[in-house]
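Working notes, structure below.
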There are 2 protein chains.
Amino acid sequence: MELSCKSEYALLALIELAAHHAKGEPLQIRQIASQQNIPDRYLEQLLATLRRGGLVRSQRGAKGGYLLAREPWKITLLEALECIEGTNGQKAPASDRPHTVESEIVRDIWQEVRDRAQAVLQKYTLQDLKEQRDARHQVNIMYYI
Amino acid sequence: MELSCKSEYALLALIELAAHHAKGEPLQIRQIASQQNIPDRYLEQLLATLRRGGLVRSQRGAKGGYLLAREPWKITLLEALECIEGTNGQKAPASDRPHTVESEIVRDIWQEVRDRAQAVLQKYTLQDLKEQRDARHQVNIMYYI
DNA sequence: ACCAAACCCCACTGGAGAACCGGGGTATAA
DNA sequence: TTATACCCCGGTTCTCCAGTGGGGTTTGGT
(Lines give C-alpha, C1' and ligand atoms only; values in the text may rest on other atoms or scores of the structure.)
Protein backbone atom coordinates (compact mmCIF):
# COMPACT_ATOMS: atom_id res chain seq x y z
CA MET A 1 0.00 0.00 0.00
CA GLU A 2 1.26 3.41 -0.94
CA LEU A 3 -0.29 5.86 1.52
CA SER A 4 0.95 8.63 -0.75
CA CYS A 5 -0.31 12.14 -1.22
CA LYS A 6 -2.15 10.91 -4.28
CA SER A 7 -4.07 8.33 -2.24
CA GLU A 8 -4.94 10.90 0.37
CA TYR A 9 -6.36 13.23 -2.26
CA ALA A 10 -8.49 10.44 -3.66
CA LEU A 11 -9.92 9.52 -0.29
CA LEU A 12 -10.63 13.15 0.59
CA ALA A 13 -12.54 13.51 -2.65
CA LEU A 14 -14.49 10.33 -1.99
CA ILE A 15 -15.39 11.53 1.50
CA GLU A 16 -16.73 14.77 0.03
CA LEU A 17 -18.75 12.82 -2.50
CA ALA A 18 -20.07 10.52 0.21
CA ALA A 19 -21.08 13.49 2.34
CA HIS A 20 -22.86 15.04 -0.62
CA HIS A 21 -24.36 11.77 -1.81
CA ALA A 22 -27.76 12.11 -0.13
CA LYS A 23 -28.60 15.19 -2.20
CA GLY A 24 -28.40 13.19 -5.41
CA GLU A 25 -26.85 16.02 -7.39
CA PRO A 26 -23.31 16.05 -8.78
CA LEU A 27 -20.39 17.75 -7.06
CA GLN A 28 -17.81 19.66 -9.10
CA ILE A 29 -14.06 19.19 -9.06
CA ARG A 30 -13.64 22.84 -8.11
CA GLN A 31 -15.82 22.44 -5.04
CA ILE A 32 -13.90 19.42 -3.79
CA ALA A 33 -10.54 20.95 -4.61
CA SER A 34 -11.21 24.18 -2.76
CA GLN A 35 -12.75 22.43 0.25
CA GLN A 36 -9.77 20.13 0.65
CA ASN A 37 -6.95 22.33 -0.69
CA ILE A 38 -6.13 20.02 -3.57
CA PRO A 39 -4.77 21.32 -6.91
CA ASP A 40 -7.80 20.98 -9.11
CA ARG A 41 -6.08 19.91 -12.32
CA TYR A 42 -4.42 17.08 -10.44
CA LEU A 43 -7.61 16.05 -8.73
CA GLU A 44 -9.21 15.88 -12.15
CA GLN A 45 -6.83 13.09 -13.13
CA LEU A 46 -7.51 11.15 -9.96
CA LEU A 47 -11.26 11.39 -10.42
CA ALA A 48 -10.83 10.18 -14.00
CA THR A 49 -9.02 7.14 -12.64
CA LEU A 50 -11.75 6.52 -10.10
CA ARG A 51 -14.32 6.80 -12.88
CA ARG A 52 -12.52 4.29 -15.06
CA GLY A 53 -12.35 2.05 -12.00
CA GLY A 54 -16.12 2.25 -11.64
CA LEU A 55 -16.13 3.93 -8.24
CA VAL A 56 -17.60 7.27 -9.33
CA ARG A 57 -19.55 8.44 -12.33
CA SER A 58 -19.54 11.82 -14.01
CA GLN A 59 -22.06 14.19 -15.46
CA ARG A 60 -20.71 16.33 -18.28
CA GLY A 61 -21.68 19.84 -19.28
CA ALA A 62 -23.08 22.70 -17.24
CA LYS A 63 -24.26 21.75 -13.75
CA GLY A 64 -22.21 18.60 -14.16
CA GLY A 65 -19.75 17.02 -11.76
CA TYR A 66 -19.13 13.73 -10.05
CA LEU A 67 -21.25 11.30 -8.02
CA LEU A 68 -20.48 8.04 -6.29
CA ALA A 69 -21.25 5.12 -8.57
CA ARG A 70 -22.51 3.06 -5.61
CA GLU A 71 -23.86 3.61 -2.13
CA PRO A 72 -21.12 4.79 0.23
CA TRP A 73 -21.38 1.70 2.43
CA LYS A 74 -20.61 -0.47 -0.60
CA ILE A 75 -17.22 1.11 -1.28
CA THR A 76 -14.30 0.02 0.89
CA LEU A 77 -11.08 1.94 1.26
CA LEU A 78 -9.22 -1.05 -0.10
CA GLU A 79 -11.16 -0.80 -3.33
CA ALA A 80 -10.53 2.89 -3.58
CA LEU A 81 -6.79 2.60 -3.00
CA GLU A 82 -6.35 -0.37 -5.31
CA CYS A 83 -8.11 1.61 -7.99
CA ILE A 84 -6.07 4.75 -7.55
CA GLU A 85 -2.64 3.24 -7.31
CA GLY A 86 -3.16 -0.28 -8.57
CA THR A 87 -2.20 0.36 -12.17
CA ASN A 88 1.52 0.02 -11.54
CA GLY A 89 1.96 -3.66 -12.31
CA GLN A 90 4.74 -4.94 -10.10
CA LYS A 91 4.69 -3.46 -6.65
CA ALA A 92 6.16 -6.74 -5.47
CA PRO A 93 9.82 -7.24 -6.31
CA ALA A 94 10.18 -9.04 -9.62
CA SER A 95 9.46 -12.71 -9.11
CA ASP A 96 11.44 -13.55 -12.26
CA ARG A 97 14.61 -13.65 -10.21
CA PRO A 98 15.61 -17.22 -9.35
CA HIS A 99 14.07 -17.81 -5.95
CA THR A 100 15.78 -19.52 -3.08
CA VAL A 101 14.40 -21.00 0.11
CA GLU A 102 15.32 -17.73 1.80
CA SER A 103 13.55 -15.56 -0.76
CA GLU A 104 10.36 -17.57 -0.24
CA ILE A 105 10.53 -16.91 3.48
CA VAL A 106 10.82 -13.20 2.81
CA ARG A 107 7.96 -13.25 0.31
CA ASP A 108 5.74 -15.01 2.83
CA ILE A 109 6.38 -12.26 5.34
CA TRP A 110 5.79 -9.61 2.70
CA GLN A 111 2.44 -11.29 2.07
CA GLU A 112 1.57 -11.29 5.75
CA VAL A 113 2.30 -7.58 6.00
CA ARG A 114 0.17 -6.84 2.95
CA ASP A 115 -2.65 -8.98 4.30
CA ARG A 116 -2.67 -7.08 7.59
CA ALA A 117 -2.68 -3.73 5.85
CA GLN A 118 -5.45 -4.79 3.51
CA ALA A 119 -7.54 -6.11 6.39
CA VAL A 120 -7.58 -2.64 7.92
CA LEU A 121 -8.53 -1.02 4.63
CA GLN A 122 -11.14 -3.65 3.94
CA LYS A 123 -13.11 -3.00 7.10
CA TYR A 124 -13.73 0.72 6.45
CA THR A 125 -16.26 1.99 3.93
CA LEU A 126 -16.87 5.53 2.74
CA GLN A 127 -19.98 5.51 4.91
CA ASP A 128 -17.79 4.94 7.97
CA LEU A 129 -15.58 7.87 7.05
CA LYS A 130 -18.58 10.08 6.41
CA GLU A 131 -19.97 9.25 9.85
CA GLN A 132 -16.63 10.02 11.47
CA ARG A 133 -16.62 13.26 9.58
CA ASP A 134 -20.09 14.22 10.76
CA ALA A 135 -19.21 13.34 14.33
CA ARG A 136 -16.04 15.42 14.33
CA HIS A 137 -17.70 18.38 12.67
CA GLN A 138 -20.35 18.22 15.37
CA VAL A 139 -17.68 18.32 18.06
CA ASN A 140 -16.14 21.38 16.43
CA ILE A 141 -19.47 23.17 16.45
CA MET A 142 -19.95 22.39 20.15
CA TYR A 143 -16.54 23.84 20.94
CA TYR A 144 -17.45 26.92 18.95
CA ILE A 145 -20.60 27.51 21.07
CA MET B 1 6.75 0.11 4.53
CA GLU B 2 8.35 -0.34 1.18
CA LEU B 3 8.64 -4.07 0.58
CA SER B 4 10.86 -3.26 -2.37
CA CYS B 5 13.51 -5.31 -4.07
CA LYS B 6 16.07 -3.41 -2.03
CA SER B 7 14.45 -4.49 1.23
CA GLU B 8 14.31 -8.08 0.07
CA TYR B 9 18.02 -8.05 -0.72
CA ALA B 10 18.81 -6.68 2.71
CA LEU B 11 16.77 -9.33 4.50
CA LEU B 12 18.26 -12.11 2.40
CA ALA B 13 21.73 -10.92 3.33
CA LEU B 14 20.79 -10.75 6.98
CA ILE B 15 19.40 -14.28 6.89
CA GLU B 16 22.67 -15.50 5.41
CA LEU B 17 24.60 -13.71 8.11
CA ALA B 18 22.33 -15.14 10.79
CA ALA B 19 22.78 -18.64 9.43
CA HIS B 20 26.53 -18.18 9.40
CA HIS B 21 26.63 -16.42 12.75
CA ALA B 22 27.43 -19.45 14.92
CA LYS B 23 30.79 -19.95 13.18
CA GLY B 24 31.95 -16.55 14.34
CA GLU B 25 33.89 -15.82 11.18
CA PRO B 26 32.97 -13.09 8.66
CA LEU B 27 31.00 -13.75 5.48
CA GLN B 28 31.96 -11.99 2.23
CA ILE B 29 29.71 -9.95 0.01
CA ARG B 30 30.54 -12.25 -2.89
CA GLN B 31 29.36 -15.30 -0.98
CA ILE B 32 26.05 -13.74 -0.06
CA ALA B 33 25.53 -12.30 -3.51
CA SER B 34 26.14 -15.56 -5.33
CA GLN B 35 24.03 -17.57 -2.89
CA GLN B 36 21.06 -15.24 -3.26
CA ASN B 37 21.54 -14.03 -6.83
CA ILE B 38 22.01 -10.42 -5.85
CA PRO B 39 24.25 -8.03 -7.87
CA ASP B 40 27.25 -7.75 -5.59
CA ARG B 41 28.06 -4.06 -6.12
CA TYR B 42 24.49 -3.19 -5.15
CA LEU B 43 24.54 -5.47 -2.13
CA GLU B 44 27.71 -3.71 -1.04
CA GLN B 45 25.81 -0.46 -0.71
CA LEU B 46 23.04 -2.07 1.27
CA LEU B 47 25.48 -3.69 3.67
CA ALA B 48 27.18 -0.32 4.12
CA THR B 49 23.81 1.12 5.12
CA LEU B 50 23.21 -1.73 7.55
CA ARG B 51 26.67 -1.15 9.02
CA ARG B 52 26.05 2.55 9.50
CA GLY B 53 22.75 1.58 11.13
CA GLY B 54 24.60 -0.61 13.60
CA LEU B 55 23.03 -3.89 12.51
CA VAL B 56 26.15 -5.49 11.07
CA ARG B 57 29.86 -4.91 11.45
CA SER B 58 32.63 -5.42 8.93
CA GLN B 59 36.11 -6.81 8.91
CA ARG B 60 38.37 -5.24 6.33
CA GLY B 61 41.26 -6.78 4.44
CA ALA B 62 41.92 -10.35 3.40
CA LYS B 63 39.62 -12.92 5.04
CA GLY B 64 37.37 -10.03 5.86
CA GLY B 65 33.63 -9.74 5.41
CA TYR B 66 30.52 -9.00 7.44
CA LEU B 67 29.09 -10.23 10.72
CA LEU B 68 25.93 -9.46 12.62
CA ALA B 69 26.57 -6.75 15.18
CA ARG B 70 24.17 -8.41 17.64
CA GLU B 71 22.70 -11.82 18.31
CA PRO B 72 20.15 -12.76 15.65
CA TRP B 73 17.29 -12.90 18.16
CA LYS B 74 17.97 -9.28 19.08
CA ILE B 75 17.38 -7.93 15.56
CA THR B 76 13.80 -7.52 14.43
CA LEU B 77 12.71 -7.18 10.83
CA LEU B 78 11.25 -3.79 11.65
CA GLU B 79 14.67 -2.54 12.70
CA ALA B 80 16.27 -3.94 9.58
CA LEU B 81 13.72 -2.38 7.23
CA GLU B 82 13.70 0.97 8.98
CA CYS B 83 17.47 1.02 8.68
CA ILE B 84 17.54 0.11 5.01
CA GLU B 85 14.82 2.42 3.80
CA GLY B 86 14.25 4.68 6.73
CA THR B 87 16.41 7.59 5.67
CA ASN B 88 13.56 9.15 3.75
CA GLY B 89 12.02 10.90 6.71
CA GLN B 90 8.40 11.44 5.83
CA LYS B 91 6.80 8.54 4.07
CA ALA B 92 3.54 10.20 5.07
CA PRO B 93 2.33 12.93 2.70
CA ALA B 94 3.54 16.36 3.71
CA SER B 95 1.71 17.52 6.78
CA ASP B 96 2.42 21.13 5.89
CA ARG B 97 -0.73 21.26 3.79
CA PRO B 98 -3.60 22.94 5.63
CA HIS B 99 -5.41 20.07 7.29
CA THR B 100 -9.15 19.64 7.41
CA VAL B 101 -11.33 17.43 9.55
CA GLU B 102 -11.38 15.01 6.64
CA SER B 103 -7.63 14.92 6.23
CA GLU B 104 -7.25 14.05 9.89
CA ILE B 105 -9.57 11.11 9.46
CA VAL B 106 -7.46 9.87 6.58
CA ARG B 107 -4.22 10.36 8.52
CA ASP B 108 -5.64 8.35 11.42
CA ILE B 109 -6.37 5.46 9.10
CA TRP B 110 -2.93 5.76 7.53
CA GLN B 111 -1.50 5.45 11.02
CA GLU B 112 -3.58 2.39 11.78
CA VAL B 113 -2.34 0.70 8.62
CA ARG B 114 1.27 1.51 9.44
CA ASP B 115 0.84 0.24 13.00
CA ARG B 116 -0.52 -3.07 11.77
CA ALA B 117 2.29 -3.51 9.29
CA GLN B 118 4.91 -2.65 11.89
CA ALA B 119 3.40 -5.06 14.40
CA VAL B 120 4.01 -7.91 11.98
CA LEU B 121 7.58 -6.86 11.34
CA GLN B 122 8.22 -6.30 15.02
CA LYS B 123 7.39 -9.84 16.02
CA TYR B 124 9.93 -11.55 13.74
CA THR B 125 13.64 -11.63 14.48
CA LEU B 126 16.48 -12.85 12.30
CA GLN B 127 16.61 -15.91 14.53
CA ASP B 128 13.02 -16.73 13.54
CA LEU B 129 13.90 -16.47 9.87
CA LYS B 130 16.99 -18.60 10.34
CA GLU B 131 14.93 -21.32 12.01
CA GLN B 132 12.38 -21.23 9.21
CA ARG B 133 15.25 -21.50 6.79
CA ASP B 134 16.74 -24.52 8.53
CA ALA B 135 13.33 -26.20 8.68
CA ARG B 136 12.65 -25.69 4.99
CA HIS B 137 16.10 -26.81 3.96
CA GLN B 138 15.56 -29.94 5.99
CA VAL B 139 12.29 -30.62 4.16
CA ASN B 140 14.09 -30.23 0.83
CA ILE B 141 16.71 -32.77 1.86
CA MET B 142 14.04 -35.26 2.87
CA TYR B 143 12.37 -34.90 -0.52
CA TYR B 144 15.71 -35.49 -2.14
CA ILE B 145 16.16 -38.80 -0.31
C1' DA C 1 -28.60 29.21 -31.61
C1' DC C 2 -25.39 30.57 -28.47
C1' DC C 3 -22.64 30.68 -24.40
C1' DA C 4 -20.46 29.33 -20.45
C1' DA C 5 -19.84 25.71 -17.29
C1' DA C 6 -18.01 21.53 -16.61
C1' DC C 7 -15.80 17.28 -17.84
C1' DC C 8 -12.24 14.84 -21.18
C1' DC C 9 -7.77 13.73 -23.16
C1' DC C 10 -3.02 14.30 -24.05
C1' DA C 11 1.43 15.95 -23.27
C1' DC C 12 5.12 17.87 -20.59
C1' DT C 13 7.97 19.17 -16.51
C1' DG C 14 10.91 18.72 -12.27
C1' DG C 15 12.27 16.02 -8.67
C1' DA C 16 13.04 11.71 -6.07
C1' DG C 17 14.13 7.17 -5.53
C1' DA C 18 15.27 2.28 -7.25
C1' DA C 19 18.56 -0.52 -9.18
C1' DC C 20 22.23 -0.79 -10.81
C1' DC C 21 27.76 -0.10 -12.86
C1' DG C 22 32.52 1.49 -12.37
C1' DG C 23 36.90 3.51 -10.60
C1' DG C 24 40.07 4.22 -7.42
C1' DG C 25 41.48 4.11 -2.30
C1' DT C 26 42.54 1.59 2.10
C1' DA C 27 43.15 -1.93 5.61
C1' DT C 28 44.82 -6.59 6.62
C1' DA C 29 46.24 -11.56 6.70
C1' DA C 30 49.54 -14.62 4.76
C1' DT D 1 54.77 -7.27 -0.42
C1' DT D 2 50.72 -8.74 -2.37
C1' DA D 3 46.23 -10.40 -3.08
C1' DT D 4 41.94 -9.90 -0.80
C1' DA D 5 38.25 -7.68 0.73
C1' DC D 6 35.88 -3.62 2.32
C1' DC D 7 35.24 1.72 1.52
C1' DC D 8 33.75 5.91 -0.82
C1' DC D 9 32.21 8.60 -4.50
C1' DG D 10 30.19 9.33 -8.72
C1' DG D 11 27.25 8.51 -12.75
C1' DT D 12 23.26 6.15 -15.45
C1' DT D 13 18.70 4.62 -16.67
C1' DC D 14 14.14 4.01 -15.44
C1' DT D 15 9.78 4.70 -13.23
C1' DC D 16 6.61 7.18 -10.53
C1' DC D 17 4.75 11.31 -8.11
C1' DA D 18 2.93 15.75 -8.18
C1' DG D 19 1.77 18.95 -10.60
C1' DT D 20 0.77 22.45 -14.98
C1' DG D 21 -1.04 23.53 -19.47
C1' DG D 22 -3.63 23.36 -23.94
C1' DG D 23 -7.25 22.27 -26.58
C1' DG D 24 -11.64 19.48 -27.33
C1' DT D 25 -16.49 17.97 -26.22
C1' DT D 26 -20.87 17.72 -23.83
C1' DT D 27 -24.71 20.06 -21.77
C1' DG D 28 -28.04 23.28 -19.37
C1' DG D 29 -29.80 27.81 -19.47
C1' DT D 30 -31.13 32.02 -22.03
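Residue numbering restarts at 1 for every chain, and letters A, B, ... go by the order of the sequence lines.
- As a whole-Å value, the separation of A:Lys6 NZ from D:dT15 C1' is 12 Å.
- By the 4.0 Å N-to-carboxylate-O rule, A:Glu44 lies close enough to A:Arg41 to be salt-bridged with it.
- Between the side chains of A:Gln111 and A:Asp115, at least one donor N or O sits under 3.5 Å from an acceptor N or O.
- Distance B:Asn37 CG to C:dC20 C1': 16 Å, rounded to the nearest Å.
- Between B:Ser58 and D:dC7 there is a side-chain polar atom (N or O) within less than 4.0 angstrom of OP1 or OP2.
- Remark on DNA chain D: of its neighbouring residues B:Gln45 and B:Ala62, the 5'-side contact belongs to B:Ala62, judged by nearest-heavy-atom nucleotide.
- Each of C:dG22, D:dT20, C:dC20 was ranked by its minimum atom distance to the side chain of B:Arg41; first place goes to C:dG22.
- A donor-acceptor pair is defined here as one N or O able to donate and one able to accept, closer than 3.5 Å; no such pair exists between the side chain of A:Trp73 and the backbone of A:Gln127.
- Not a single donor-acceptor pair, N or O on each side, falls under 3.5 Å between the base of D:dT4 and the side chain of B:Gln59.
- Side-chain nitrogen and oxygen atoms of B:Arg30 include none within less than 4.0 Å of the OP1 or OP2 phosphate oxygen of D:dC6.
- Side-chain N/O atoms of A:Arg136 and A:Gln132 include a donor and acceptor closer than 3.5 Å.
- Using a 4.0 Å heavy-atom criterion, one finds that A:Arg57 contacts no nucleic acid atom at all.
- The separation between A:Tyr9 atom OH and D:dA18 atom P is 7 Å, rounded to whole Å.
- Nucleotide C:dT28 holds its P atom 7 Å from the CZ atom of B:Arg60, rounded to whole Å.
- Spacing between atom CG of A:Leu47 and atom C1' of C:dC7 amounts to 10 Å, rounded to whole angstrom units.
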- Task: Let me see the working for B:Val56 and B:Leu68 under side-chain contact (heavy atoms from CB on, under 4.5 Å), right down to the final yes or no.
- Result: CA-CA 4 Å; B:Val56 305; B:Leu68 291 184; 4.2 Å; yes
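- Of the residues near DNA chain D, B:Glu44 and A:Asp40, the one whose nearest nucleotide (by heavy atom distance) lies more toward the 5' end is B:Glu44.
- A straight line from CD1 of B:Ile38 to C1' of C:dC20 spans 13 Å, rounded to a whole angstrom.
- Look at OH on A:Tyr42: it is 18 Å from P on C:dG14, rounded to the nearest Å.
- Atom P of nucleotide C:dT28 and atom OH of B:Tyr66 are separated by 14 Å, given to the nearest angstrom.
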